[in-house]
Every structure is written in C-alpha cells, then in structure tokens.
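Both backbone and side-chain heavy atoms feed into the values below; hydrogens, waters and symmetry mates do not.
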Amino acid sequence: MKKTTKTTVKKQTAAPCPINCCSLGHKIWAAVALAGLFVCGLMLGLSYVPRDDSDNMLAAQECDAIASEIVAIAQRGVNDADAQVLDDLNAAYASGCPGRLVIIDKPVVASAAPQVEIMSTCARIEQLLTARLRPEDSPDYISHLRNADTYSTLADRGCAENADMYTTLALRELEIASALQPTENMLESDAQIVIDTFKKLDMQHEAQEFLNKIEKLIDPATDFILQMEQIINE
C-alpha cells in the first residue's frame with residue numbers, strides 16, 4: 001500500500017508591529033497634543049469679539065445727506081426708478097443713523113392765481129347804474145322819478161335778458177312818483193324826466209299821453225312843449 005503523507009500547513013500569522021505603537025511615550029505625546037488643541041481652541045474662542053454695531057454708524061453729515069435725498073425723492077413722488085434707491089437709502093439710514101427720524105413736510109403747493117373774470121359790458125353798466133338807485137321806501141317823489149329814469153336806462157343799455165324786469169320797475173317808480181306828486185304839480189324838469197323815461201322804454205304812445213296832460217296845464221306853444229314833442233317824435 002502506498003503511504004499517504006500528511007502535510008501540515010502552518011497558518012501564517014501577521015508579523016508583529018515593528019514599532020511599539022502603544023508605548024508609554026506615545027500615550028504621553030498624544031495627551032500633550034490633545035491638550036494643545038484644547039488650549040488653542042480656548043484661546044481662539046476667547047480672542048473672538050463680536051462686531052460692535054458702532055462699526056455701522058455713519059457720520060452726522062452722511063446722515064444729513066441721506067435724509068435730504070430721502071426727503072427730495074418723497075416730495076417729488078416716488079417712481080419706479082426711485083423705488084429701489086429709496087429702499088437702499090432707508091436701509092442705510094436705519095442702520096447707520098439710529099435714533100434719528102426723517103421728517104417729510106408736505107410741499108406747499110402755490111395756489112394758482114385766481115382767474116379774473118371779465119365782466120360783460122352790459123353787466124358792468126347794470127352794476128354801476130344800480131348804485132344810483134334811491135331807497136324804494138323814500139317819501140320824496142323826486143327820488144322815485146330818478147329811479148324810474150335809472151331803470152329805463154338799465155332797460156335800454158343793460159343786459160337784454162333783464163330788459164323786461166327793468167321796464168316793469170321803471171313804470172312802477174313812475175306810478176309811485178305820480179301818486180306822491182300829481183301831474184299838475186310837477187315842474188317842467190319833472191315832466192321831462194317822465195317823457196324821457198317813456199322814450200327810453202320805447203313807449204312813445206304813453207309819452208304823448210303824458211305830454212297832452214301837460215299841455216292842458218301850460219301854454220301849448222311854449223318852448224318846453226315843442227321840445228318834448230321833438231323828443232317823442234325822434
């Protein structure tokens with residue numbers, strides 16, 4: 001029989017570390033290095049000083065300049081182009097100028113010069129002539145004759161839309177005057193006012209009737225009667 005020879009394979013083991021990693025010296029140096037890192041970290045931590053907000057402070061002149069620019073933009077009206085600029089200025093002012101306020105006064109808008117209304121000629125005539133009117137409650141007949149003459153001029157020379165009203169007032173004043181002073185007691189100057197009033201009112205018929213009454217009281221051939229006839233017939 002063939003003899004079988006057993007071969008014993010020896011298990012290789014790792015070669016022993018040529019350096020003594022776990023020696024007492026290494027442990028001491030590791031402890032020293034760790035302590036050094038701790039000390040360095042501690043020193044760095046102690047040496048860090050938070051940034052003071054005073055670093056962002058702006059000088060008074062800079063704050064004034066920013067405030068002036070903010071006011072100028074606000075007063076002229078913020079448009080799209082100014083919006084970002086205004087935001088930046090506000091941010092800079094808030095951080096660099098604490099405790100200061102920007103006061104924006106509303107700009108005073110000069111009121112437009114009042115439009116001078118040019119009064120029409122007829123309205124100006126009415127304004128000036130009405131200032132001549134005597135009190136309506138006057139007991140003096142001559143005041144009412146004068147008012148009648150003024151109203152007849154207003155009807156003739158004032159604004160057309162008021163002519164009827166002034167005509168009515170003129171006739172009313174004539175009636176009051178004749179009530180206070182009958183026709184037979186009127187002077188020639190009074191009669192002339194009456195006839196002239198009727199003439200300006202374009203009432204020749206009424207003027208002639210009044211003149212006929214006067215003719216019965218004085219000589220029809222007098223110059224006054226002839227003159228009044230001429231005025232009526234013009």
Side-chain angles (χ1 to χ4, degrees), residues 21 25-138 146-147 149-170 200:
C21 297
H26 283 88
K27 292 180 179 180
I28 293 174
W29 280 111
V32 171
L34 183 61
L37 288 173
F38 174 77
V39 171
C40 288
L42 180 62
M43 291 179 66
L44 288 174
L46 292 175
S47 64
Y48 173 74
V49 178
R51 186 176 180 181
D52 193 348
D53 288 340
S54 61
D55 293 342
N56 293 328
M57 292 285 290
L58 297 176
Q61 293 156 341
E62 294 173 313
C63 291
D64 291 341
I66 294 175
S68 298
E69 186 62 23
I70 292 173
V71 171
I73 293 174
Q75 287 185 338
R76 71 170 178 256
V78 181
N79 54 34
D80 293 339
D82 292 333
Q84 185 58 50
V85 175
L86 187 60
D87 288 344
D88 294 341
L89 290 173
N90 283 327
Y93 195 83
S95 62
C97 310
R100 294 183 50 154
L101 297 176
V102 178
I103 300 175
I104 301 175
D105 293 329
K106 185 177 181 180
V108 177
V109 179
S111 58
Q115 294 289 334
V116 178
E117 182 179 354
I118 300 176
M119 186 179 292
S120 64
T121 303
C122 69
R124 179 65 72 187
I125 290 173
E126 290 183 356
Q127 182 187 56
L128 296 175
L129 288 179
T130 52
R132 297 181 182 177
L133 293 170
R134 311 284 179 88
E136 191 180 51
D137 58 353
S138 174
R146 297 293 181 187
N147 285 349
D149 180 63
T150 299
Y151 281 129
S152 65
T153 304
L154 286 166
D156 183 42
R157 305 296 298 275
C159 297
E161 61 270 21
N162 299 326
D164 291 342
M165 176 186 69
Y166 291 133
T167 297
T168 301
L169 290 172
K200 285 185 290 187

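- When atom types are taken as modelled, the side chain of K200 and the backbone of D149 share a donor-acceptor pair closer than 3.5 angstrom.
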Pairs of donor and acceptor atoms involving the side chains of residues 125-135, under 3.5 Å and at least two apart or interchain, shall be tabulated with distances.
from	atom 1	to	atom 2	distance (Å)
E126	OE1	N162	ND2	3.3
E126	OE1	Y166	OH	3.4
E126	OE2	C159	N	2.9
E126	OE2	N162	ND2	3.0
Q127	OE1	R124	NH1	2.3
T130	OG1	E126	O	2.7
T130	OG1	Q127	O	3.1

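- Minimum heavy-atom separation, E62 to A59: OE1-N, 2.8 Å.
- Surrounding CD of E161 are more than 12 heavy atoms belonging to other residues, nucleotides or ligands, all under 6.0 Å away.
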